[in-house]
A.B. asks: 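For reference, the structure I am asking about is given below.
Worth knowing before you read on, the calculation uses all heavy atoms, side chains too, and leaves out hydrogens, waters and symmetry mates. It should be emphasised that the depicted structure is a prediction, and the values quoted were computed from it without experimental measurement. Lettering of chains follows the sequences in order, A, B, ..., and the numbering in each one begins at 1.
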Amino acid sequence: MAETTPNGAKAEIGPFDRVQLRRRRDRAAANFNAHSFLLDEVSLRLTERLDDIKRSFPLAVDLGCHDGRLARHLSGRSGIKRLVQCDISRALVSEAKGPYRVVADEEWLPFAGERLDLIISALSLHWVNDLPGALIQIRRALRPDGLFLAAMLGGDSLTELRQALVRGESELQGGISPRIAPFVEIRDLGALLQRAGFALPVVDSDTITVTYPDALALMRDLRGMGENNILRARQRHFTRRSTLFTAAEHYREMFGDVEGRIPATFQVLYLAGWSPHASQQQALKPGSGEMNLAEALNGET
Amino acid sequence: MNDTSAGVDPKLLEILVCPVSKEPLRYDAENQELISDKAKLAYPIRDGIPIMLPDEARTLDND
C-alpha cells in the first residue's frame, strides 16, 4: 500500500486501495462467468435505458468493462460503431472480445478531450476514490452533447450483511472494523454531476434482491465478482472464521426466509448527464425576463 | 516483440492520451510502447492491449 507510485505520479488517498482492486479483479477473471449475475442484470437495465435515448453514439467507451459483458448487450445498438472497452484489470480486459481494448484506471482516464460520443459504465465507479475528479475527466473526454450513462452500487447495498457482520464481530471480537465499502449516497450524486459540469443530470435508483443459500455463499459470490471488500482500513489479519460463521448465523436469524435462504439487497444507482452544448434546454439567466411580473399577474400587457 | 504490433488499432491510438499529462502519445512500434514525452513515461502494450496505468509505466531517462 505505497502512498506513492513508483513514478511518484500520485499519492493514493481515499478509502479504496486501487492496486488491491486490480488484484481482486484479476483473480476473479478466470471464473467470472459463474459470478456475473448482478453485472448481467445491471448491463441489461443500462442498455434498456440507452435504448430509450433516440440518438446514435458512433464512438463509445465502456468504462470498467469487466469481461466485456456490457459490450455483448450493446452490440448492434444505439448506433455504436466503435466501442472501446477498458478496465483496471488486465486479466478481465483480456477476456473481453473486441478490437479496441485498453487497461485504464477510472481515476486516470487516458482519453483525449472532446472525442467520445458516449461513456457508459456498469458497476465500476463505486470503487473510485475521487469520484468528482473522475466525473470531470469523463465530462472532458466527451464531445459537446455527448452522453455519460452509468450504474454503480449505492449506500443501501448489502445492508443485511453489514448488520450481520457488526453483530458477529461485536460478539466475538469486542469491536467492529470497517468492512464494507462506504458507498456513495444517491442524494450526493446529482450535485456531483452538476459540479463536474454535466448538463441535464439525472440520478435514480432501483433495488435488486438476490437470494443465497447462506451468507458464506454470498461472500463467495462477492469475491467471484471482484467486489469483496477492498477497504484500505481493513484489518491486517484475516477475519477469523468463527466471526464469519457467527455473522452467517445472525444473517439467517435476522433475514432468512422460511426455506432457509437469505436475501442480499443491492441498490443500483443510475447516473446520466450530458456534456454541455448550445442546443440543450437551459434555464434563463436571472434578470433576463422581458416581462414584468406585476403586469403578468394583473393580466395587463 | 514486433509480432504484436499489428494488434493495436490506429483508431484506438488516435483517441489515447497520457493519463497523467493528458498530452498526445508517441507510438513506439518496435518496443511496443506508448510514450509520453511530457510525463516521461512509457506505457507498455501487451498482446495488443495498451496498459495505460501510471504505476505500470516505465519511467524514461532524461536523455
A.B. asks: Contact part of B:Glu14 toward chain A, heavy-atom cut-off under 4.5 Å: side chain, backbone, both or neither?
C.D. replies: both

A.B. asks: The criterion is ring pair (Phe, Tyr, Trp, His ring centres under 6.0 Å); which residues satisfy it with A:Phe111, sequence neighbours excluded?
C.D. replies: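 A:Phe111 satisfies ring pair (Phe, Tyr, Trp, His ring centres under 6.0 Å) with no residue once adjacent residues are dropped.
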
A.B. asks: Is there a side-chain contact between B:Asp9 and A:Tyr100, using heavy atoms and a 4.5 Å cut-off?
C.D. replies: yes

A.B. asks: What are the residues of residues 83-90 of chain A, in order of number, with any heavy atom under 4.5 angstrom from a heavy atom of chain B?
C.D. replies: A:Val84, A:Ile88, A:Arg90

A.B. asks: Closest heavy-atom contact between A:Arg101 and B:Pro50?
C.D. replies: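 Smallest interatomic distance, heavy atoms only, reads O-CD, 3.2 Å.
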
A.B. asks: Taking only residues two or more places apart in sequence, or in another chain, which ones meet A:Asp117 in a salt bridge (charged side-chain N to carboxylate O under 4.0 Å, His left out)?
C.D. replies: A:Arg143

A.B. asks: Is there side-chain contact between B:Glu56 and A:Arg22, with at least one heavy-atom pair below 4.5 Å?
C.D. replies: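 Counting from C-beta outward, B:Glu56 and A:Arg22 do come under 4.5 Å.
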
A.B. asks: Tell me which pairs pass ring pair (Phe, Tyr, Trp, His ring centres under 6.0 Å) where either residue lies in residues 78-99 of chain A, with sequence neighbours left out.
C.D. replies: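 Qualifying pairs: none.
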
A.B. asks: Tell me the closest heavy-atom pair linking B:Pro19 and A:Trp108, and the distance in Å.
C.D. replies: CB-O, 3.2 Å

A.B. asks: Looking at every heavy atom in both A:Ser94 and B:Ile49, which two are closest together, and how far apart are they?
C.D. replies: OG-CD1, 3.9 Å

A.B. asks: Taking all heavy atoms of B:Lys22 and all of A:Leu109, pick out the closest pair and write down the distance.
C.D. replies: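 That would be NZ-O, 2.6 Å.
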
A.B. asks: Against chain B, label A:Arg82 side chain, backbone, both or neither, depending on which of its atoms sit under 4.5 Å from a heavy atom there.
C.D. replies: side chain

A.B. asks: Say you draw a straight line from CG of B:Leu53 to CZ of A:Arg18; how long is it, rounded to the nearest 0.5 Å?
C.D. replies: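 So the CG of B:Leu53 and the CZ of A:Arg18 are separated by 9.5 Å.
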
